[in-house]
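All residue numbers in this chain count up from 1 along the given sequence.
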Amino acid sequence: MQRERIPHSETRKMNLSQFIAAGRHVFATIGYDAASARDIVKQSGLAQGSFYNYFSDKRALFETILAQIFEPLVPLLKAERQQATSPYEFLFNAFEACYVLPLNEPETAAIISRNQTIFRELFYISGEQNQIREDLRADLEQGQAEGKFRHFDSGMMADAMISLGMDLVVQTAKDPVAGKARLVFLAELFLPRIVPDDLDGSSDSNARRSH
């Protein structure tokens with residue numbers, strides 16, 4: 001009986017998934033700097049040399065893994081801000097999404113904490129970072145237009161929030177307890193910098209902290 005052949009496109013998808021899974025395991029266990037393409041191929045169980053049919057090097061694979069980690073965060077951050085009912089929730093809910101990111105999967109947390117340098121480097125040149133920045137800048141400008149936020153440079157504010165949000169992701173991957181404290185601190189740090197002088201966000205902040 002002749003075996004049914006798997007279409008070439010399906011084979012490529014399966015191999016790609018195997019390399020990504022293998023890369024995640026290798027980067028999480030021995031780290032980006034120590035890892036080699038040979039380590040990843042060995043972990044995948046695929047043929048030697050086949051790695052380069054999918055990735056030019058281990059950096060390209062890490063970029064793919066990073067994109068998969070951050071892709072769900074892009075729409076989530078925007079949704080959290082748009083659903084916020086106060087300036088404090090605008091801040092807290094978005095930072096909370098960053099806090100939760102490395103908690104959802106232990107392997108993801110290990111990838112982030114073990115490879116902080118390359119993780120940060122590639123994030124800041126990624127398409128996901130660009131989209132997060134553009135979305136945040138637009139939301140900040142909308143808040144300004146509606147009188148909810150004071151006047152400030154929306155681009156610089158977005159850069160500052162993203163930088164500290166990225167740091168929150170990394171620190172939470174290393175120590176979730178410390179990450180929780182950072183989450184509250186960041187929301188309270190930015191609150192007086194976005195709320196107009198004639199609005200007081202402290203009561204909202206205190207109410208949120210009590211939960």
**Message:** So which atom in H25 and which in T29 form the shortest heavy-atom distance, rounded to 0.1 Å?
**Reply:** O-OG1, 2.7 Å
**Asked** Strictly by modelled atom types, are Q18 and S44 linked by a side-chain donor-acceptor pair under 3.5 Å?
**Response** no
**Asked** Is the shortest heavy-atom distance from the side chain of L101 to the side chain of T172 under 4.5 Å?
**Response** no
**Message:** To the closest 0.5 Å, what do you measure between CG (L183) and CD (E96)?
**Reply:** 6.0 Å
**Asked** Any chance the side chains of S50 and N53 put a donor and an acceptor closer than 3.5 Å?
**Response** no
**Check against side-chain contact (heavy atoms from CB on, under 4.5 Å), T108 and L103** = CA-CA 8 Å; T108 295; L103 301 180; over 6 Å; no
**Message:** Test of understanding: clusters of I, L, V, M, F, W, Y form through side-chain heavy atoms closer than 4.5 Å, transitively. Do V177 and V170 belong to the same one?
**Reply:** no
**Asked** Ignoring hydrogens and geometry, is there a side-chain-to-backbone donor-acceptor pair from E71 to Q68 under 3.5 Å?
**Response** no
**Item:** Pairwise side-chain contact, M157 with I194, heavy-atom cut-off 4.5 Å (strictly under)
**Value:** yes
**Request:** Report the C-alpha distance between Q43 and D39 in whole Å, list the side-chain angles of each, state the deciding distance to 0.1 Å, and finish with yes or no for side chain to side chain donor-acceptor pair (under 3.5 Å).
**Result:** CA-CA 6 Å; Q43 177 65 30; D39 295 322; over 6 Å; no
**Request:** Apply side-chain contact (heavy atoms from CB on, under 4.5 Å) to V169 and I112, showing your working.
**Result:** CA-CA 8 Å; V169 171; I112 297 170; 3.8 Å; yes
**Asked** Measuring from E146:CD to E141:CD, what's the distance to the nearest 0.5 Å?
**Response** 12.0 Å
**Message:** Nearest 0.5 angstrom please: I132 CD1 to R137 CZ, how far?
**Reply:** 16.0 Å
**Message:** Tell me the closest heavy-atom pair linking F95 and M161, and the distance in Å.
**Reply:** CE2-O, 3.7 Å
**Request:** Looking only at non-hydrogen atoms, find the nearest pair between E128 and A67 and report the distance.
**Result:** OE2-CB, 3.7 Å
**Message:** For F90, is there any backbone N or O sitting under 3.5 Å from a side-chain donor or acceptor partner on R81?
**Reply:** no
**Prompt:** For the atom pair CG (L73) and CD (E80), what is the distance rounded to the nearest 0.5 Å?
**Reply:** 10.0 Å
**Prompt:** Is there a side-chain contact between F51 and I40 (heavy atoms, below 4.5 Å)?
**Reply:** yes
**Prompt:** Any side-chain heavy atom of F27 sitting closer than 4.5 Å to one from R114?
**Reply:** no
**Message:** Side chains of Y124 and S163, heavy atoms from C-beta outward: is any pair under 4.5 Å?
**Reply:** yes
**Item:** Short side-chain to backbone donor-acceptor contact, E89 and T85, under 3.5 Å
**Value:** yes
**Request:** Go through D167 and R182 one step at a time and tell me if the salt bridge (charged side-chain N to carboxylate O under 4.0 Å, His left out) criterion holds.
**Result:** CA-CA 9 Å; D167 185 66; R182 284 174 180 265; 3.0 Å; yes
**Prompt:** How long is the span from the OG1 atom in T117 to the CG atom in D33, to the nearest 0.5 Å?
**Reply:** 7.5 Å
**Message:** What I want to check is whether the side chains of D175 and Q171 have a donor and an acceptor closer together than 3.5 Å.
**Reply:** no
**Request:** For the pair T64 (side chain) and A60 (backbone), establish whether a donor and an acceptor sit closer than 3.5 Å, ignoring hydrogens and angles.
**Result:** yes
**Request:** Mind listing the closest non-hydrogen atom pair of N115 and A110 along with its distance?
**Result:** ND2-O, 4.3 Å
**Message:** Taking R59 first and then E121, would you say they form a salt bridge - that is, a charged N and a carboxylate O separated by under 4.0 Å?
**Reply:** yes
**Item:** Closest approach of F19 to L61 (non-hydrogen atoms, all atoms of both residues)
**Value:** O-CD2, 3.9 Å
**Message:** Using modelled atom types and a 3.5 Å cut-off, is there a donor and acceptor pairing between side-chain atoms of Q144 and backbone atoms of F152?
**Reply:** yes
**Item:** F119 ring center near Y32 ring center (under 6.0 Å)
**Value:** no
**Message:** Do M166 and Q129 make a side-chain contact, defined as non-hydrogen atoms from C-beta onward lying under 4.5 Å apart?
**Reply:** no
**Message:** Looking at every non-hydrogen atom in both residues, tell me the closest pair between A37 and Y52 and how far apart they are.
**Reply:** CB-OH, 3.4 Å
**Item:** Single-linkage hydrophobic cluster, 4.5 Å side-chain cutoff, M156 and L91 together
**Value:** no
**Item:** Whether K58 side chain and A35 backbone form a donor-acceptor pair below 3.5 Å
**Value:** yes
**Asked** Going by heavy atoms in the side chains, are I111 and F62 under 4.5 Å from each other?
**Response** yes
**Message:** For F92 and Y88, take the angle between the two ring planes, folded into 0 to 90°, and tell me which bin it lands in: parallel under 30, tilted 30 to 60, perpendicular over 60.
**Reply:** parallel
**Message:** Any non-hydrogen side-chain atom of R38 less than 4.5 Å from a side-chain atom of Q48?
**Reply:** yes
**Message:** A cation-pi test, strictly: NZ or CZ of R12 under 6.0 Å from the centre of the six-membered ring of Y54 and no more than 45 degrees from its axis. Yes or no?
**Reply:** yes
**Asked** Would one find more than 12 heavy atoms of other residues, nucleotides or ligands at under 6.0 Å from atom CZ of F185?
**Response** no
**Residues R24, E105; criterion salt bridge (charged side-chain N to carboxylate O under 4.0 Å, His left out); working and verdict** = CA-CA 12 Å; R24 284 178 59 89; E105 195 170 325; 3.0 Å; yes
**Request:** Kindly compute the distance separating CG (L186) from CG (L191), expressed to the nearest 0.5 Å.
**Result:** 12.5 Å
